[in-house]
Amino acid sequence: WNKIALIGAMNEEIELLVAHMTDVRETVKAGITFREGTYFGKDVVVCRTGVGKVNAAVTTQILIDQFKVEAVIFTGVAGALAPELNIGDLVISTECVQHDMDVTALGYAKGVIPYEENSVFEADRTLVELAAVAGEKLFPGKVKQGRVLSGDQFIASREVVAGLHQELSGVCVEMEGASVAQVCGMNGIPYVVLRSMSDKADGSAHVNFAEFTVIASENSYKMVEEMIKQL
Ligand code: ADE
């Protein structure tokens, strides 16, 4: 991969990336600031997508079309769905699904996009393996691989968590990953999503999110740094 996109949705999720870049050139498109530069010897493009699936989709397509990135790594925070995940623990996406895609009234299963061959967007195995090695080195026993669920909703309910975990088999929930994953799939570009848990998507999620987003963002960032160093 000659050029890699390293992206997150919020400032907290990208600020350590920006801080470690050199030779930065900024371009603004669709209101998004794209930073091309060098990061531990690699050509990268770093940007903040903004929150939600539309922001993430538009940004990812621009990264592919205009900046010619050959792989996308998303870093950030998520709400835990798997009960064994604690705040600060990490998830590596094996695949992503949009949990708010709901055409059940027409007989489709939850998360299924009508008329599409595929609604489960698989992450790149090489990137997953690279992340797994980085994770085992930095956070042994605290890294889980699994399905990341995305939707334009901040989840803060134990009932919803149980449903997402049981019906859609998600290990964590956030608001961008599956959108990045779908756009990457449509363009044949490898991707992986890394997420550290800022909360458990329950009744305390709003408080925990505020308290733990910085530390969780940092944990996820450290995985990216280690991955890039291993490339
Ligand atoms: N990102 C971090 N926590 C989240 C939650 N509970 N729901 C959706 N996205 C999140």
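Start at 1 with the first residue, then count along the sequence. Whatever order the structure lists ligands and atoms in, that order sets their numbers, starting from 1. Fair warning: this is a prediction, and the values are worked out from it, not measured in the lab.
Listed by chain and residue number, nothing satisfies the ring pair (Phe, Tyr, Trp, His ring centres under 6.0 Å) test with Phe212 (two or more places apart in sequence, or in another chain).
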Evaluation steps, side-chain contact (heavy atoms from CB on, under 4.5 Å), between Phe139 and Met223: CA-CA 9 Å; Phe139 304 101; Met223 293 257 294; 4.0 Å; yes
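Side-chain atoms of Glu176 and Ser150 form no donor-acceptor pair, as typed in the model, at a separation below 3.5 Å. Ser220 and Thr75 are linked by a side-chain donor-acceptor pair at a separation below 3.5 angstrom, with hydrogens and angles left out of the test.
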Distance dump, ligand 1 polar atoms to protein, N/O, under 3.5 Å:
| residue | atom | partner | partner atom | Å |
| --- | --- | --- | --- | --- |
| ligand 1 | 3 (N) | Gly79 | N | 3.3 |
| ligand 1 | 3 (N) | Asp199 | OD2 | 2.6 |
| ligand 1 | 6 (N) | Ile155 | O | 2.8 |
| ligand 1 | 6 (N) | Asp199 | OD1 | 3.0 |
| ligand 1 | 7 (N) | Ile155 | N | 2.9 |

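Applying the salt bridge (charged side-chain N to carboxylate O under 4.0 Å, His left out) rule to pairs touching residues 54-75 yields nothing, sequence neighbours excluded. Counting only residues at least two apart or on different chains, the ring pair (Phe, Tyr, Trp, His ring centres under 6.0 Å) pairs with a member in residues 148-188 are Phe154-Phe209.
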